[in-house]
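Beneath this line is the structure, given in structure tokens, with notes to follow.
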Amino acid sequence: MPEKPYDHNHIELKWHQRWENATFYKAEENSTRPKYYVLEMLPYPSGTLHIGHIRNYAIGDALARYKWMRGFNVLHPMGWDAFGLPAENAAIANQRHPREWTLQNIAAMKKTHRRFGFSYDWDCEVSTCEPEYYRWNQWFFLKMLERGMAYRKEALVNWCPKCGTVLANEQVVNDGCCWRHEDTPVEQRALEQWFLRITDYADELLGDIKNLEGGWPERVLTMQRNWIGRSEGTEVDFRLEGTAAPIRVFTTRVDTIYGATCVILAPEHPLVAQLADAEGRSCAKAMVDARAAQGPGDVEKEGFFTGHYAVNPYSGERAPVWVGNFVLMTYGTGAIMAVPAHDDRDFEFCTKYGIPVRPVIRPVDGELTRAEEAKTAFTDDGVVENSNEWSGLPSAEARRRMTAKAEAEGFGKGAVTFRIKDWGISRQRYWGTPIPVIHCAGCGVVPVPERDLPVVLPLNVQFTGKGRSPLEEVPEFVNVKCPQCGGAARRETDTMDTFVDSSWYFYRYCDARNDRMPFDPARAAYWFEIDQYIGGVEHAILHLIYSRFFTKMMRDIGLVKNSEPVRRLFTQGMVIAEGAKMSKSKGNVVGADSLADRYGADTARLFILFAGPPEKEVDWRDERAEGIYRFLGRVYRFATRNLERARAGGEGGAANADRKIVRKLHQTIRKITEDFESRWHFNTSISGIMELVNELYAEEQRLSGGTVAELLVKLTLLLAPFAPYLAQEIWEELGRQGPVFRETWPCYDAELAKDDLAEIVVQVNGKLRSHMYAPFGTPEEEIKARALEDPKVRAFVADKQIVKVIVVRDKLINIVVKG
RNA sequence: GCGGAUGUGGCGGAAUUGGCAGACGCGCUAGAUUCAGGUUCUAGUUCUCGCAAGGGAGUGGAGGUUCAAGUCCUCUCAUCCGCACCA
């Protein structure tokens, strides 16, 4: 039979049409198979998928297919989130309604996904822009409100002038810029906001990280630990001289307190108004404003003396009270004791203003550095000196005992402080889940009764772009009756951060059509934890910490049994183009569709996996895809020109060429299976298949029909997770029925994979000099004797003295000579 | 500043347990096929000395451990990422 040219367009179109409405992975109810839940992180539905997304999906899809072929009951859902609503609300206001816009983009992206042949279970699709989904955000909100886990307060919040909305701390990136507009600094504004008490779980979120070790990348865990930022220390009251009022400070180094030469307040500290004169107050105000304007980042340390003193409760010493711009009101108590000898920042501040530097800690085997010599602070633990009865104690023990004293005498206590703040979820934008509360003049804040959910976003909205929620302009939405007293009331117009949606969407996939509950707890109990979650590292502290928080909250209200949502997390590397991060603003986005137009979906998928190990970033260059395209063509042509031979069959395995190729086949199966089971280095899996095909070409004429038939079947199965269209097409050409990835993954036979003879490397003084072949298990003495007979070896050993011979069984012999 | 990662041919990368460095692919060179271009097939391709056989060097750099180091240890340089007044 003549070979057919590889026409990827024809093949992909054919199967694309047949698969149009197919759900490949319909997870089975009551399956006896073990369950496997694999999930990729959602894209931003910005209308196009770029090659980075395809990488994400290609990894998950290959895994899902493989797991199915290995006999698992696979749940592999795909859904859509509202993450990607364009920040430029105003810009699209004149064109189309954002909801319509989002739904259209979702449709476009679904089309691309189908085109690439991803094997999602479309039946559990969730669209977070739809009320039937977001009503459960409201349901969760009410549950949390009942438990005091959702609350409202005025707070300084991050405000992005471009988005015209508030941002969570986690959404502030790049030295204080908006995550959506990386060149736009955020401003600070004081607003009434809704918060979720994620800090209630701070300890657990931190402690449970140890359970994730091994399954999650260490990098992500480190980022989360830093973000939660637990520090153990002591709160100590410095009594303000002349009054009974205490200034409470927080320190992790109470052992250095005898070196505290002043107390410094944050400029926003309430005592500033009381202690500072008019000039000082305006100075403090200027500091606050400067910080608001500049955002976080490096600031020149400045401060002023208030003219007051506070008494150190341990030493009885008077410490001047200063105000310093580098002290944060939002951390600890908003006041610190400055120990310039043992803290870099205090050192910088105190030397600038001539405040004494007094060392009280010496290194364990060193001398106390004298103040005048100190050019930097000594910040390590050591031994306490010059501190009355505490002198001579190691730092850690001093801290323990000094904290105990503070507690016993009532001027302080041990305290744990977290860096993580409660999660501000209020957004002043149209998009998002309406927060289901009503403000009544008489009754205050009244939750919307559960029977009235969902509170639905109105459709007749004008987008003003004025930085207020457009919902405020919709009277039918805003003006409501109070559910308690029936009087006129105002509906809350803030909407929820869309990270609320993404915090639990993967639970909804278990039970996407449920209209009584967010999901059936029994189904969640079956599918959770997620076995494998795959996505970019950019969500390490946003989505992935919120999701963990939500899971713990759902456990506490009895919906789920697991404490963590995800057992294993894989963070794939970014795709960069021509050395630069792919981004829309740079205009260097490689669109998945245009790539599929040129080379086909199979080539695009295979190549992105081949380009490098999936956890590393890869540099995308179109021209390299040629090699993969050629490879797929080679496979297809080999298959079609050998079909008849394969059908005719015949005894295989006798000829030498047959044995050799069967061995290579089993080695390849072993390699790919191991790659799937451990490190996911699909680039080497694919190169393994290429090697097999190269060998197939070399031996083609010598192979028997039976061997060719076996090879074609197994080769097709090996390709199925990576290149579904081609694999399916060959499968059909081979006369088989049904989806190829519903077949069983081929097993390798360790005996067949084994080489006949061991290749033994012969070294002299560690340098490669010769090779030889010997049966496995050949005794050392024999190997040694044969090696020494080798003329190439003799040339190097010759008249020299043999010092030592090392033999590694079936692998290597190294002859060490001298002279 | 703190924390983490990475560094191998012209390029992407391989070497999973300390045991043949450069698999596989791109690119390039030659030959075959073709009217020609493209396609396809075959061979070659780390550097260096050599006509060749063969030798020498070589995994950012310097040292060390070892019969043997890309891999382990110490120091160092470069690049990237995360956090950054968190008391």
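Remember, predicted model here, so these are calculated numbers, not experimental data. Numbers restart at 1 for each chain; the letters A, B, ... are given by sequence-line order, proteins then strands.
Checking A:Tyr629 against A:His8 by side-chain atom types alone, a donor-acceptor pair falls below 3.5 Å.
Between the base of B:U16 and the side chain of A:Lys671 there is a donor-acceptor pair shorter than 3.5 Å. Side-chain atoms of A:Glu759 and base atoms of B:C20 include a donor and an acceptor less than 3.5 Å apart.
Base orientation of B:G9: syn, the glycosidic angle falling within 90° of 0.
Side-chain nitrogen and oxygen atoms of A:Arg630 include at least one within less than 4.0 Å of the OP1 or OP2 phosphate oxygen of B:C26. Within the structure, a side-chain polar atom (N or O) of A:Lys804 is placed less than 4.0 Å from OP1 or OP2 of B:C67. Note on A:Lys792: every side-chain N or O is 4.0 Å or more away from OP1 and OP2 of B:G55. Considering only side-chain N and O atoms, A:Arg769 lies under 4.0 angstrom from the phosphate OP1 or OP2 of B:G55. Considering only side-chain N and O atoms, A:Arg419 lies nowhere under 4.0 angstrom from the phosphate OP1 or OP2 of B:C83. The side chain of A:Arg621 places no N or O atom within less than 4.0 Å of a non-bridging phosphate oxygen (OP1 or OP2) of B:G27. Taking 4.0 angstrom as the limit, A:Asn325 places none of its side-chain polar atoms (N or O) nearer than this to OP1 or OP2 of B:C85. In this model, the phosphate group of B:G13 is not approached by any side-chain N or O of A:Ser687 to a distance below 4.0 Å at OP1 or OP2.
Here A:Val816 lies in heavy-atom contact (under 4.0 Å) with sugar-phosphate atoms only. Within the nucleic acid shown, A:Val249 has no heavy atom closer than 4.0 Å to any nucleic acid atom. Residue A:Pro613 is classed as a sugar-phosphate contact, given heavy-atom separations below 4.0 Å to backbone atoms only. When heavy atoms are screened at a 4.0 angstrom cut-off, A:Glu626 is found touching no nucleic acid atom at all. Residue-level contact check: A:Arg225 touches neither bases nor backbone, having no heavy atom under 4.0 Å from any strand. Within the 4.0 angstrom heavy-atom criterion, no nucleotide atom of any strand lies near A:Glu674. If you check every strand for non-hydrogen atoms under 4.0 Å, A:Phe796 touches sugar and phosphate atoms only. Nucleic acid contact class of A:Asp346 (heavy atoms, under 4.0 Å, all strands): none.
Separating the CG atom of A:Asn226 from the P atom of B:G1 is a distance of 18 Å, rounded to the nearest angstrom. Rounded to an integer number of Å, the gap from CD of A:Gln763 to P of B:G19 is 11 Å. With rounding to whole Å, A:Met574 atom CE is found 18 Å from B:A5 atom P. If you measure from atom CD of A:Glu623 to atom C1' of B:C11, you get 9 Å, rounded to the nearest angstrom. Note: OH (A:Tyr697) to P (B:G25) measures 12 Å, nearest angstrom. Look at CG on A:Leu221: it is 13 Å from P on B:A5, rounded to the nearest Å. In this structure, NE2 of A:His681 is placed 7 Å from P of B:A14, rounded to the nearest angstrom. Per the geometry, CD1 belonging to A:Ile228 stands 14 Å off P belonging to B:A84, to the nearest Å.
Taking for each of A:Asp344 and A:Phe418 the nucleotide of RNA chain B with the nearest heavy atom, the 5'-most of the two is the partner of A:Asp344. Where A:Asn814 and A:Phe326 meet RNA chain B, the nucleotide closest to each residue was compared, and A:Asn814 sits on the side nearer the 5' end.
Checked options A:Asp381, A:Asp343, A:Asp380; the residue passing with A:Arg253 is A:Asp381 (criterion: salt bridge (charged side-chain N to carboxylate O under 4.0 Å, His left out)).
Judged by distance alone, the side chain of A:Asp422 and the main-chain N or O of A:Thr199 form a donor-acceptor pair under 3.5 Å.
The partner of B:G70, taking Watson-Crick or G-U wobble pairs whose two distances both stay under 3.5 Å, does not exist in any strand shown. Searching all strands for a Watson-Crick or G-U wobble partner of B:C51 with both distances below 3.5 Å returns nothing. B:G12 is paired with B:C24 under the criterion used here, namely a Watson-Crick or G-U wobble arrangement in which both key atom distances are under 3.5 Å.
Applying the salt bridge (Lys or Arg N to Asp or Glu O under 4.0 Å) test to A:Asp346 and every residue at least two apart in sequence or in another chain returns nothing.
Aromatic ring centroids of A:Phe304 and A:Tyr353 lie 6.0 Å or more apart.
Stacking of A:Arg624 on the aromatic ring of A:Tyr599 is not recorded, the 6.0 Å distance cut-off and the 45° axial limit not both being met.
Taking the six-membered ring where the residue is Trp, A:Phe349 and A:Trp322 present perpendicular rings, their angle passing 60° and hence far from 30°.
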